[in-house]
Amino acid sequence: MAVNTAITGGASSIIISAIVGIHIEGDILVLEPDKEIRSTILAFVIGILTFLTLTENRRRNDIASSKNDWDKQQTIRMNRRDRYISLVDKLNSENSALRAGAVHGLVLLADEWIDELYKEKNKKEADNILDRDDEELKESNIVHTIAHKEAQNIVRTLCAYLREPYDLAHKKFVENKSLDSIERKKLDAEVTIRKTIINTYFKNRLNPNYKQKLYSWSHMYFNFSEIVFFYDADFSEVRWNRNVSFKGAIFYHPVDFSNVICAGDKGINFQECTYHK
C-alpha cells in the first residue's frame, strides 16, 4: 500500500504538471498541454500499471505456491501418523521379526520428523526449540514444534517397549527356572531386539562422534525407569541434553555408562535401582 501510494502520488503530480503545460511567453502565463510530454507520461503510467499487475500476479502465485507446499506437508505428516499407528500395532506381534521390523520403522520415522525440524529451521533456531521443556512447547506458536513432539512420542513408545516386562526373562531371572529350546530362542530374539534399540539405534543418535550423518536425538527425553536389563547394554559415549531416569531399573547384566554426558540440571536418576552384576 505504501509503495502504491507513493507511486500514485508521484505520478499524479507529474501528470498534472505535464498536462497543464505551464510556461511563460513574454509577460503572459500560458497553460498549454505538451503532446510529447503527454505521450511520455502515458507511457510512464502504462509502465506503472504493468509493474503493479506483475507484482499482484507474483503475490498471488506466491500464495498459491505456499498453499500447495502446506498441503503437501500436511499430506506427508498424515502419512507418517498412519505409519506410526501401523508400526505400533506390530510391536505387539508374537512374531519377533515383525517386532524388529516395527522398531526399525519407528526409528526411521523419528528420523524423518527430526530431519523436518532441522531442514526448516537453521541449527541455532532449531536448538532454541529443542532445549525447551514440554510446557514451553505447548505455549509456543512455532509450527515446527509439531515435528519435535511427534519424534518425542516415538522415543516414548520405544522406551515404553523396553520397560514392558517379558515373561520368559522373568521366568529365567526372577523365578530361576530353566527354559526349553523354544523358549530360549524366543528370549534370544527379544534380547536382540532390545539390545539393538539401545546399542545401535539410540547410541548412534545420541553419540556426537558418530561418523554417519544423523541428526542428534540428544534433545529428546528418555525414560528408562523400571526397565529390567536382562541383557547387556552399551550407553558409552552418549550425550543427553535433558535429565534421564533409570529409577527403579533392575540390572541382571552389565551396562556400560562410560564417558556419558548428561547436561540436564538433575543429571541421571539411579534411585532405587537393583544391581545383580
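These numbers come from the heavy atoms of this one structure, side chains and all, not from hydrogens, waters or symmetry mates.
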Do Val244 and Asn269 touch side chain to side chain, with heavy atoms closer than 4.5 Å?
-> no
Side chain to side chain, Ile268 and Trp240, heavy atoms closer than 4.5 Å | yes
Worked check of ring-ring contact (aromatic ring centres under 6.0 Å, His included) between Phe224 and Phe235 = CA-CA 12 Å; Phe224 299 104; Phe235 289 100; 5.3 Å; yes
Before accepting this row, confirm whether a basic side-chain N of the pair Glu112/Arg77 lies closer than 4.0 Å to the acidic partner's carboxylate O.
-> no
Does [Y] offer a backbone N or O that forms a donor-acceptor pair with the side chain of [X] under 3.5 Å?
X      : Y      : value
Asn199 : Ala233 : no
Asn204 : Thr200 : yes
Ser218 : Arg239 : yes
Glu150 : Ala147 : no

Around atom [atom1] of [X], are there more than 12 heavy atoms of other residues, nucleotides or ligands at under 6.0 Å?
X      : atom1 : value
Lys186 : NZ    : no
Glu175 : CD    : yes
Asp167 : CG    : no

How far apart are the C-alpha atoms of Phe230 and Tyr252, what are their side-chain angles, what is the distance that settles it, and do they pass the ring-ring contact (aromatic ring centres under 6.0 Å, His included) test?
-> CA-CA 5 Å; Phe230 53 90; Tyr252 284 100; 8.5 Å; no
His148 vs His219, ring-ring contact (aromatic ring centres under 6.0 Å, His included): CA-CA, chis, key distance, verdict | CA-CA 9 Å; His148 172 74; His219 56 275; 5.7 Å; yes
Parallel, tilted or perpendicular: which fits the ring planes of Phe229 and Phe251, with parallel below 30° and perpendicular above 60°?
-> parallel
Should the pair Arg194 and Tyr161 be classed as cation-pi, given the thresholds of under 6.0 Å to the six-membered ring centre and 45° from the axis?
-> yes
Asp111 and Arg205: salt bridge (Lys or Arg N to Asp or Glu O under 4.0 Å), yes or no, with the steps?
-> CA-CA 9 Å; Asp111 282 336; Arg205 289 158 179 79; 2.9 Å; yes
